[in-house]
Amino acid sequence: QVQLVESGGGLVQVGGSLRLSCLASGLSLDDAGMAWFRQAPGEGRKGVACISGTDSGIYYTPSVKGRFTIARDNAKNTVYLQMNDLTSDDTAVYYCAADLTTAADCTDYGRGMDYYGTGTQVTVST
C-alpha cells in the first residue's frame with residue numbers, strides 16, 4: 001500500500017523560505033514519478049514540480065521556476081521541495097504525489113497522478 005506523508009509546511013513571511021518533505025512508503029522512488037501539487041483557496045489542485053522516476057528529468061510550472069527546487073533521496077525514500085523567495089501567491093495546501101504508470105516519467109503529470117498525500121499548509125504572510 002502506497003503512503004505519502006508530507007511535512008514542513010507552516011507560516012512564513014514574503015521573501016522567506018520553506019522546505020517540504022514527503023516520506024514515501026510502499027514504492028521505490030526509482031520507479032515512480034514524484035511530484036508536488038498545490039491547491040489555493042477556491043482553486044483546483046495544480047501541479048508545481050515533478051521529478052521523473054525513469055530519467056530523473058525535472059519539470060516546473062512557470063510561476064515557480066527559479067524559486068523552487070524538487071529533489072529526491074532514494075535511500076531515504078523522501079522527496080523534497082525547497083521553496084525560496086515565497087510570495088502570497090504561493091499560499092496553498094501542498095500535496096505530494098506519486099505515479100507508477102503513465103506519469104512515471106512526468107508526462108502530463110499536471111493532469112493527475114496515482115497517489116496523493118493528505119497535504120501540508122503553506123501560508124505566506126505580507
Side-chain angles (χ1 to χ4, degrees):
Q1 180 182 0
V2 175
Q3 286 191 320
L4 305 171
V5 179
E6 304 97 338
S7 61
L11 176 64
V12 64
Q13 290 187 331
V14 169
S17 299
L18 280 176
R19 188 177 81 155
L20 305 182
S21 299
C22 171
L23 177 61
S25 59
L27 58 77
S28 169
L29 296 191
D30 289 330
D31 300 324
M34 300 297 298
W36 289 93
F37 285 69
R38 67 185 179 186
Q39 186 168 16
E43 298 184 10
R45 190 158 53 188
K46 300 176 182 177
V48 174
C50 186
I51 183 165
S52 168
T54 57
D55 61 3
S56 296
I58 291 177
Y59 307 88
Y60 297 101
T61 195
S63 62
V64 308
K65 208 167 186 179
R67 300 187 298 121
F68 290 13
T69 303
I70 188 171
R72 68 183 187 205
D73 184 333
N74 289 357
K76 295 182 178 180
N77 241 35
T78 300
V79 179
Y80 304 97
L81 185 69
Q82 177 67 44
M83 306 186 295
N84 298 327
D85 194 20
L86 287 160
T87 74
S88 56
D89 289 341
D90 297 316
T91 294
V93 178
Y94 283 71
Y95 298 90
C96 179
D99 199 287
L100 296 167
T101 56
T102 55
D105 61 357
C106 293
T107 298
D108 292 330
Y109 79 95
R111 292 189 176 186
M113 300 183 84
D114 293 335
Y115 305 99
Y116 292 89
T118 57
T120 185
Q121 176 71 47
V122 171
T123 302
V124 184
S125 66
T126 56

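Along the sequence shown, residues carry numbers from 1. Note that the coordinates shown come from a computational prediction; the quantities given were computed from them, not determined experimentally. Heavy atoms only: backbone and side chains are in, while hydrogens, waters and symmetry mates are out.
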> Between T91 and V124, is there a donor-acceptor pair closer than 3.5 Å when you use the side chain of the first and the backbone of the second?
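Between the backbone of V124 and the side chain of T91 there is a qualifying donor-acceptor contact (under 3.5 Å).
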> Keeping the roles fixed (side chain from R67, backbone from S63), state whether a donor-acceptor pair exists under 3.5 Å.
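Yes.
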> Between V64 and M34, is there a shared hydrophobic cluster once you connect ILVMFWY residues whose side-chain heavy atoms come closer than 4.5 Å?
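Looking at the clustering, M34 is in the same group as V64.
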> With L29 as reference, evaluate V79, I51, D73 under the side chain to side chain contact (heavy atoms under 4.5 Å, CB included) test and give the passing residue.
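Of the listed residues V79, I51, D73, the side chain to side chain contact (heavy atoms under 4.5 Å, CB included) partner of L29 is V79.
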> Going from CD1 on I70 to SG on C22, what distance comes out if it is rounded to the nearest 0.5 angstrom?
9.0 Å
> Rounded to the nearest 0.5 Å, what's the gap from OG on S17 to CG on D85? Could you check?
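One finds 8.0 Å between OG of S17 and CG of D85.
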> Are Y59 and Y109 close enough that their ring centres sit under 6.0 Å apart?
no
> Donor-acceptor check, side chain of E6 to backbone of G119, threshold 3.5 angstrom: yes or no?
yes
> Looking just at side-chain N and O atoms, do T102 and D108 make a donor-acceptor pair shorter than 3.5 Å?
no
> State the OG1-CG distance between T69 and N84, to the nearest 0.5 angstrom.
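Separation between the atoms: 6.5 Å.
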> Ignoring hydrogens, what is the shortest heavy-atom contact between A49 and L81? Give both atom names and the distance.
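Heavy atoms of A49 and L81 come nearest at CB-CD1, 4.3 Å.
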> Mind checking the OG1-CZ spacing from T61 to R38? Nearest 0.5 Å is all I need.
7.5 Å
> Closest heavy-atom contact between T126 and S88?
CG2-CB, 4.3 Å
> Would you name the heavy atoms of Q121 and A92 that are closest together and state the gap between them?
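Here Q121 and A92 meet closest at NE2-O, 3.4 Å.
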> Could you please spell out the steps behind the side chain to side chain contact (heavy atoms under 4.5 Å, CB included) verdict for M83 and D90?
CA-CA 9 Å; M83 306 186 295; D90 297 316; over 6 Å; no
> Donor-acceptor pair, N77 side chain versus A24 backbone, under 3.5 Å?
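Side chain of N77 to backbone of A24, a donor-acceptor pair under 3.5 Å: yes, one is there.
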> List the atom of V12, the atom of L18, and the distance in Å for their closest heavy-atom pair.
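Minimum heavy-atom separation between V12 and L18: CG1-CD1, 4.0 Å.
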> In the single-linkage hydrophobic clustering (I, L, V, M, F, W, Y; side-chain heavy atoms under 4.5 Å), do Y80 and Y115 co-cluster?
no
> Got a second to check how far L4's CG is from L27's CG, nearest 0.5 Å?
6.5 Å
> Tell me yes or no: between the side chains of D89 and T87, is some donor less than 3.5 Å from an acceptor?
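The criterion, which ignores hydrogens and geometry beyond distance, is not satisfied for T87 and D89.
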> Between the side chains of S52 and T54, is a donor N or O closer than 3.5 angstrom to an acceptor N or O?
yes
> Determine, stepwise, if the pair C96 / W36 fulfils side chain to side chain contact (heavy atoms under 4.5 Å, CB included).
CA-CA 5 Å; C96 179; W36 289 93; 4.1 Å; yes
> In Å, rounded to the nearest 0.5 Å, how long is the span from OG1 of T78 to CZ of R72?
12.5 Å
> Are V93 and L11 grouped together when hydrophobic residues (ILVMFWY) are joined by side-chain heavy atoms under 4.5 angstrom apart?
no
> Above 12 or not: heavy atoms from other molecules or residues under 6.0 Å from CD of E43?
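Buried by this count: over 12 neighbours within 6.0 Å.
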> Verify the cluster assignment for V2 and Y95: are they in a single hydrophobic cluster under the rule of side-chain heavy atoms below 4.5 Å apart?
no
> Can you tell me how the ring of F68 sits relative to the ring of Y94, calling it parallel under 30°, perpendicular over 60° and tilted otherwise?
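Ring orientation of F68 relative to Y94: tilted.
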> Taking all non-hydrogen atoms of both residues into account, name the closest pair between D114 and L100 and its distance.
OD2-N, 3.1 Å
> Closest heavy-atom contact between G110 and F37?
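Of all heavy-atom pairs spanning G110 and F37, the closest is O-CE2, 3.9 Å.
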